[in-house]
Amino acid sequence: NIVSVVLQCNNFEVVNMGVMVPCSEILARAKLENADIIGLSGLITPSLEEMAHVAKEMERQGFKLPLLIGAATTSRVHTAVKIEPNYSGPTIWVPDASRSVGVCTSLMSDELKADFARRMKEENQRTRAQHKGKKGPGPHHSIAEARRRGLETDWGSYVPPVPTFL
């Protein structure tokens, strides 16, 4: 994937396990390789739930590695609301491959890692708070109330337009 290429071109060692790899294999390989970071890419919608599962398993197994989330179906809100609450380690949404180098550089730096991880956690908390505070469009009513308030029309007096041709 493009993230692997971008990171490898910037002297990061990447173990790309491919697509649709079970959580157990990802975490076992991370342990085997003594990984510094785990990255998950979501190109299809079912990947989103699997990412939350991986985060839960990382927490259950005592991982502390940064977890990077990215690709087409992911978002800052989904990462903050559905993934990060499952894992106490750094969980960071990376909006596109070009940002992966800066994120990984910060996470690999002894001087930058703690502050960067703290800022990302705060950003996730702000995103969750904003998302929680959002209200849908207008008040929600029961189906009976919605039917009572339904749109009333008078089709008896409607005169359809007559098409005009050039």
Side-chain angles (χ1 to χ4, degrees), residues 1-4 6 16-27 30 37-104 106-107 115-166:
N1 92 25
I2 189 72
V3 175
S4 294
V6 169
N16 185 343
M17 296 182 67
V19 299
M20 303 302 288
V21 178
C23 173
S24 58
E25 290 181 31
I26 294 169
L27 300 185
I37 297 169
I38 293 177
L40 302 176
S41 178
L43 295 174
I44 57 174
T45 303
S47 303
L48 298 174
E49 289 305 315
E50 185 63 17
M51 289 176 174
H53 172 67
V54 171
K56 288 176 191 171
E57 277 301 297
M58 289 176 72
E59 184 68 20
R60 189 182 70 77
Q61 293 183 30
F63 276 81
K64 299 297 177 206
L65 301 176
L67 174 60
L68 304 186
I69 303 297
T73 60
T74 65
S75 70
R76 178 180 317 284
V77 172
H78 185 268
T79 301
V81 173
K82 299 286 189 179
I83 300 173
E84 199 237 15
N86 297 305
Y87 182 53
S88 59
T91 306
I92 300 156
W93 177 64
V94 184
D96 62 63
S98 68
R99 306 276 178 93
S100 62
V101 173
V103 169
C104 290
S106 294
L107 291 170
D115 185 54
F116 182 77
R118 178 191 53 76
R119 286 187 290 117
M120 295 298 100
K121 185 166 255 337
E122 289 171 356
E123 185 173 300
N124 283 335
Q125 289 168 340
R126 274 192 307 277
T127 300
R128 270 194 304 282
Q130 289 170 348
H131 179 73
K132 185 178 182 181
K134 285 189 175 179
K135 306 244 188 276
H140 296 277
H141 302 286
S142 69
I143 188 70
E145 178 66 9
R147 286 180 178 146
R148 187 186 72 71
R149 293 171 162 238
L151 176 66
E152 293 182 21
T153 60
D154 178 13
W155 292 105
S157 63
Y158 175 72
V159 178
V162 176
T164 57
F165 299 98
L166 298 176

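- When every heavy atom of Ala97 is checked against every heavy atom of Ser100, the shortest pair comes out as O-OG, 2.6 Å.
- Every residue two or more places apart in sequence or in another chain that forms a side-chain contact (heavy atoms from CB on, under 4.5 Å) with Arg149 is listed here: His141, Glu145.
- Across all non-hydrogen atoms, the minimal contact from Pro85 to Val81 is CG-O, 3.4 Å.
- In this structure, Tyr87 and Val54 have side chains that are not in contact, with every pair of non-hydrogen atoms separated by 4.5 Å or more.
- Shown here for Met51 and Gly70, the closest heavy-atom pair between the two residues is CE-O, 4.0 Å.
- The line from CG of Asp115 to CE of Met120 is 9.0 Å long, rounded to the nearest 0.5 Å.
- Residues satisfying the side-chain contact (heavy atoms from CB on, under 4.5 Å) test with Ser75, not counting sequence neighbours, are Val77, His78.
- Remark: Ser24 pairs with no residue by the side chain to side chain donor-acceptor pair (under 3.5 Å) rule, at least two apart or across chains.
- Scored by the side-chain contact (heavy atoms from CB on, under 4.5 Å) test, Ala71 finds Ser41, Leu43 as partners (sequence neighbours excluded).
- Between Asn124 and Ala80 the shortest heavy-atom distance is O-CB, 3.5 Å.
- Counting heavy atoms from C-beta on, the side chains of Ile38 and Leu27 come closer than 4.5 Å.
- If you take OH on Tyr158 and OG1 on Thr153, they are separated by 11.5 Å, rounding to the nearest 0.5 Å.
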* **Evaluation steps, side chain to side chain contact (heavy atoms under 4.5 Å, CB included), between Ile92 and Phe116** => CA-CA 10 Å; Ile92 300 156; Phe116 182 77; 3.7 Å; yes
Only distances under 3.5 Å count here; give the side-chain donor-acceptor pairs of residues 60-69 to other protein atoms, sequence neighbours excluded, each with its distance to 0.1 Å.
from  : atom 1 : to    : atom 2 : distance (Å)
Arg60 : NE     : Glu57 : OE1    : 3.2
Arg60 : NE     : Glu57 : OE2    : 2.9
Arg60 : NH2    : Glu57 : OE1    : 2.8
Gln61 : OE1    : Lys31 : NZ     : 2.9
Gln61 : NE2    : Glu57 : OE1    : 3.2

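- Applying the salt bridge (Lys or Arg N to Asp or Glu O under 4.0 Å) rule to pairs touching residues 77-93 yields Glu84-Lys121, Glu84-Arg128, sequence neighbours excluded.
- Panel note: side chain Thr91, backbone Gly89; a donor-acceptor pair is recorded below 3.5 Å.
- With sequence neighbours left out, Ser142 forms a side chain to side chain donor-acceptor pair (under 3.5 Å) with no residue at all.
- Interatomic distance, CE of Met17 versus CG of Leu40, reported as 10.5 Å (0.5 Å rounding).
- Side-chain atoms of Ile83 and Thr74, non-hydrogen and from C-beta on, never get closer than 4.5 Å to each other.
- Counting heavy atoms from C-beta on, the side chains of Asn86 and Glu59 never come closer than 4.5 Å.
- Here Ser98 pairs with Asp96 under the side chain to side chain donor-acceptor pair (under 3.5 Å) rule; sequence neighbours left out.
- Taking Ser47 as the reference, nothing meets the side chain to side chain donor-acceptor pair (under 3.5 Å) condition, with sequence neighbours excluded.
- Not counting sequence neighbours, the partners of Glu123 by the salt bridge (Lys or Arg N to Asp or Glu O under 4.0 Å) test are Arg76.
- The side-chain contact (heavy atoms from CB on, under 4.5 Å) test applied to Glu122 returns Arg118, Gln125, Arg126, not counting sequence neighbours.
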